[in-house]
Protein chains: 2
Amino acid sequence: MFLCLRKGLCYEQMMGRKRTKSGKIRLAEVAELAGVSPITASRFFRNPEALSVAKRARVESAAKELGYVPNLAARALASQRTEVIAVLIPSLTNNVFSDVLRGIYDASEGSRYSIQLSNTRYSILQEEKLLRLFLAQKPAGLIVTGIDQTAESRAMLEAADCPIVQIMELGPNPVDMMIGFSHYDAARAAVAHLFAQGCYRIGFVGARMDPRVQRRLDGYVSAMKEAGRFDQRLVVTTATPTSVTLGSALFADLLARETGIDAVFCANDDLALGVLFECRRRGIVVPEQIAIIGFNDLEFMASAVPTLTSVRTNRYEMGRTAATMLIDAIEGRRPEQPVLDLGFKVIERQSSLARRMESRPAVSGHAAG
Amino acid sequence: MFLCLRKGLCYEQMMGRKRTKSGKIRLAEVAELAGVSPITASRFFRNPEALSVAKRARVESAAKELGYVPNLAARALASQRTEVIAVLIPSLTNNVFSDVLRGIYDASEGSRYSIQLSNTRYSILQEEKLLRLFLAQKPAGLIVTGIDQTAESRAMLEAADCPIVQIMELGPNPVDMMIGFSHYDAARAAVAHLFAQGCYRIGFVGARMDPRVQRRLDGYVSAMKEAGRFDQRLVVTTATPTSVTLGSALFADLLARETGIDAVFCANDDLALGVLFECRRRGIVVPEQIAIIGFNDLEFMASAVPTLTSVRTNRYEMGRTAATMLIDAIEGRRPEQPVLDLGFKVIERQSSLARRMESRPAVSGHAAG
DNA sequence: GTCGTGTCTGGTAGCGCTGTCAATGTTCCT
DNA sequence: AGGAACATTGACAGCGCTACCAGACACGAC
């Protein structure tokens with residue numbers, strides 16, 4: 001339908017004009033219809049305030065009438081920059097990143113910037129490679145995950161002439177901007193919460209062990225050591241990607257070799273759910289016999305039976321704020337505060353509520369294994 | 001700080017070379033070092049076989065030595081096409097799409113194509129808008145979700161001169177290629193499975209009610225009607241986005257108004273988990289009193305207690321195959337089979353295993369409400 | 001009246017790459 | 001030997017847009 005219309009226009013214009021190859025509406029066509037020069041029309045799209053009110057209206061209606069859509073490749077080539085925000089994240093599977101991404105996409109919507117996503121698969125070498133690729137295309141801005149880049153990556157980031165936001169965690173030397181929270185402190189808060197509930201023999205269950213999970217483990221270890229309760233045998237980790245099933249399996253490992261455990265700190269909520277299911281399978285009563293705390297506070301934690309305690313992290317907000325800060329910085333509005341701590345919060349639920357100590361029978365590691 | 005560094009580089013290079021503006025390595029530099037014409041160097045990157053072995057090696061080493069990275073904007077402008085695969089999906093939150101996306105990204109990795117993702121938020125008008133935007137940039141290929149486009153969108157898709165894959169479901173008039181499965185048949189299979197377990201008063205719990213969930217409902221309705229068991233009051237749906245908590249709530253609604261329900265078919269696994277938790281909360285024994293079946297077979301279904309029956313769908317494979325087919329088509333290798341049914345499979349688990357009928361007490365809708 | 005100052009507009013010259021087509025060399029056949 | 005057929009290479013002319021600078025014009029101050 002509208003194709004005919006467009007073809008019609010083309011022929012008309014081919015008659016009168018030099019050449020309108022391929023029937024595309026170019027800026028020149030818009031300018032002609034509006035009765036201005038191409039450069040004026042171009043300005044309309046980049047900085048409308050620079051035009052007089054009359055021309056602005058003329059160009060606007062001409063563009064709308066012709067259904068003009070700018071050619072981004074030509075724009076990028078001529079202006080030597082793109083309107084692309086490159087995002088490097090380690091995983092697409094992980095719920096955590098899908099929330100962050102949603103925030104990023106939401107913030108980019110309505111702006112002129114588009115998101116170019118790439119997956120480092122938790123490899124800093126892969127990250128380096130992607131960084132090289134992306135930076136060569138001169139993105140308008142860059143969002144990278146974490147603070148553990150290779151030296152080469154770090155150098156490239158510092159030499160890049162675009163704003164950069166590091167997300168997910170905080171560290172001492174931001175490349176540019178940084179938004180996250182302390183995984184170390186969050187883990188310490190989780191342990192402190194369990195201490196407050198009267199739990200002292202606290203297991204740690206972790207999977208994948210990427211840098212942020214590692215820092216949660218570090219926080220757990222430090223808190224346990226401070227209390228004089230640390231025992232290496234309480235820690236069960238694996239490099240395998242996380243899953244609910246894995247949570248059950250790791251917890252089973254823990255029970256098989258340790259006794260007297262009264263709580264489990266899970267490095268994420270999937271693992272926590274797996275631990276809960278495993279408890280149910282073995283008839284271990286939560287929290288009376290074993291308390292459970294997860295990490296991230298995914299939606300299902302509030303819904304489980306018993307409801308599961310977790311450390312809430314502001315993932316969506318992190319993504320959204322990162323993209324917003326980045327866009328502001330691209331457009332020259334640098335934030336007054338380049339490093340933002342979004343914090344965390346222990347959401348106390350049934351799975352770790354204080355138990356009457358006397359009513360708690362000891363749990364044998366071999367109870368049902 | 002780093003700005004100085006970069007300026008320094010620029011000056012150095014401006015001195016020594018003809019005009020290497022902005023210090024960038026261009027194709028011309030590579031060609032010069034290799035002792036060939038720029039166009040030959042260009043061919044090396046697009047069709048290496050066209051070069052003699054000697055020149056191929058020379059260009060390759062020159063490119064590597066200079067660390068040449070092609071300027072995609074210039075390439076896109078000159079060739080009138082991009083190496084971008086545009087992907088339109090309705091949601092980033094939904095686990096289902098993150099699996100599909102992972103497949104798409106995995107398949108695109110190692111290819112020359114990059115993924116441009118956009119979120120329609122379940123709105124076909126938003127989809128139409130994004131489609132117009134994307135098509136103007138001449139993507140190399142397009143992946144769109146579902147078969148329910150607006151007439152305008154449909155016209156644009158048919159006029160687009162790039163391969164297109166519709167994913168997630170099957171339908172009568174593919175625009176080009178299509179890969180998915182029948183949600184209608186899958187729902188019928190789920191109901192048939194419950195019939196086979198001796199359940200006949202089967203509730204339906206659905207959220208968001210996008211076209212695919214709607215077709216699952218249609219399948220449920222048709223199967224129930226065929227068995228003479230359909231009752232509109234067994235159906236609980238809402239437009240609200242899905243969640244585990246919502247599963248609990250909708251199931252509570254169902255129980256509050258109906259009695260004698262012996263099974264629940266949940267339109268997705270999150271809802272099913274919510275129903276399971278709600279059963280546990282009310283002391284309803286699964287599957288003895290109520291059977292549960294979900295949809296998609298997310299990872300946690302196999303881990304729950306009891307393990308949850310679900311309809312497995314091949315989401316990752318769908319994404320992967322869609323992207324692979326698309327890339328093949330872009331490169332001229334059209335698939336012999338443009339429409340692919342990836343099927344589904346009812347994964348029978350404890351939550352719906354056949355119960356001895358006589359031992360099953362009736363569940364009152366008001367039992368715990 | 002002249003000059004500055006500021007606002008708005010347009011001309012020119014590419015951005016870095018590739019499509020087209022012509023111009024070589026090279027091989028193999030009759 | 002002659003020529004067709006093929007393989008390999010290069011020259012040229014843009015792709016559609018914007019950076020840069022210059023010009024045009026209005027306004028007020030001296």
Side-chain angles (χ1 to χ4, degrees), chain A residues 10 13 17-32 34-59 62-63 66-84 112 136-138 140, chain B residues 10 13 17-32 34-59 62-63 66-83 112 136-138 140 161:
Chain A
C10 290
Q13 295 182 341
R17 316 265 264 65
K18 0 191 120 182
R19 60 172 176 282
T20 312
K21 263 190 190 163
S22 81
K24 284 294 299 282
I25 303 298
R26 305 192 315 281
L27 193 55
E29 274 75 58
V30 175
E32 189 185 337
V36 300
S37 72
I39 189 65
T40 299
S42 168
R43 260 191 286 264
F44 168 76
F45 293 101
R46 288 174 294 147
N47 183 19
E49 283 73 31
L51 299 202
S52 63
V53 180
K55 300 221 165 175
R56 202 183 309 170
R58 294 234 300 280
V59 175
L66 296 175
Y68 171 72
V69 182
N71 180 321
L72 299 184
R75 180 180 284 177
L77 182 58
S79 66
Q80 294 286 70
R81 55 195 162 68
T82 62
E83 284 168 349
V84 168
R112 60 200 310 161
Q137 307 309 328
K138 307 206 184 211
Chain B
C10 293
Q13 296 187 339
R17 320 272 252 70
K18 5 188 103 177
R19 53 149 199 300
T20 312
K21 264 191 191 160
S22 80
K24 283 293 299 283
I25 303 298
R26 306 195 313 282
L27 193 55
E29 273 75 55
V30 176
E32 190 181 339
V36 300
S37 71
I39 189 67
T40 300
S42 167
R43 260 191 285 264
F44 169 77
F45 294 101
R46 289 173 292 147
N47 183 20
E49 283 72 32
L51 300 202
S52 64
V53 181
K55 302 221 164 172
R56 204 184 306 171
R58 294 232 301 282
V59 175
L66 296 175
Y68 171 73
V69 182
N71 180 320
L72 300 184
R75 181 179 282 179
L77 183 58
S79 67
Q80 294 285 71
R81 57 195 161 68
T82 62
E83 283 168 351
R112 61 201 309 161
Q137 307 309 329
K138 305 205 186 215
D161 65 342

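Letters A, B, ... mirror the listed sequences (proteins, then strands); counts begin at 1. On a predicted model such as this, the values are computed, not experimentally measured, just so you know.
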Rounding to a whole Å, what distance do you find between [X]:[atom1] and [N]:[atom2]?
| X | N | atom1 | atom2 | answer |
| --- | --- | --- | --- | --- |
| A:Arg58 | C:dT9 | CZ | C1' | 12 Å |
| B:Lys55 | D:dT9 | NZ | P | 5 Å |
| A:Gln80 | D:dG16 | CD | C1' | 14 Å |
| A:Arg75 | C:dC17 | CZ | C1' | 20 Å |
| A:Arg81 | D:dT18 | CZ | P | 9 Å |
| A:Arg56 | C:dT9 | CZ | C1' | 14 Å |
| B:Asn71 | D:dC15 | CG | C1' | 13 Å |
| A:Leu27 | D:dA19 | CG | P | 12 Å |

Keeping B:Glu32 on the side-chain end and B:Ser37 on the backbone end, is there a donor-acceptor pair under 3.5 Å?
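No, B:Glu32 side chain to B:Ser37 backbone: no donor-acceptor pair under 3.5 Å.
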
When you measure from the side chain of A:Gln137 to the backbone N and O of A:Thr82, does any donor-acceptor pair fall under 3.5 Å?
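Checked: no pair found.
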
CG of A:Asn47: more than 12 outside heavy atoms within 6.0 angstrom?
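Yes - once you tally the heavy atoms of other residues, nucleotides and ligands closer than 6.0 Å, there are more than 12.
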
Are there more than 12 heavy atoms of other residues, nucleotides or ligands under 6.0 Å from atom CZ of B:Arg81?
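No, because the 6.0 Å sphere around CZ of B:Arg81 holds 12 heavy atoms or fewer from other groups.
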
side-chain N/O [X] vs [N] OP1/OP2, d < 4.0 Å:
| X | N | value |
| --- | --- | --- |
| B:Tyr68 | C:dG16 | no |
| A:Ser37 | C:dG11 | no |
| B:Ser79 | C:dT18 | no |

Under a 4.5 Å cut-off applied to non-hydrogen side-chain atoms, are B:Phe44 and B:Val30 in contact?
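They are not in contact (no side-chain heavy atoms under 4.5 Å apart), so the answer is no.
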
Do B:Asn71 and A:Lys138 touch side chain to side chain, with heavy atoms closer than 4.5 Å?
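A side-chain contact is absent here, since even the closest heavy-atom pair is not under 4.5 Å.
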
Nearest to the side chain of B:Leu77 - D:dC17, D:dC15, C:dC17?
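Comparing D:dC17, D:dC15, C:dC17 against the side chain of B:Leu77, the answer is D:dC15.
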
Where the side chain of B:Val36 is defined as all heavy atoms beyond and including C-beta, which of D:dG10, D:dA19, D:dC15 is the nearest nucleotide?
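Taking heavy atoms from C-beta onward, the closest nucleotide is D:dG10.
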
Is there a residue in residues 38-51 of chain A whose heavy atoms reach under 4.0 Å of DNA chain D, and which residues are they?
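Correct list: A:Ile39, A:Ser42, A:Arg46.
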
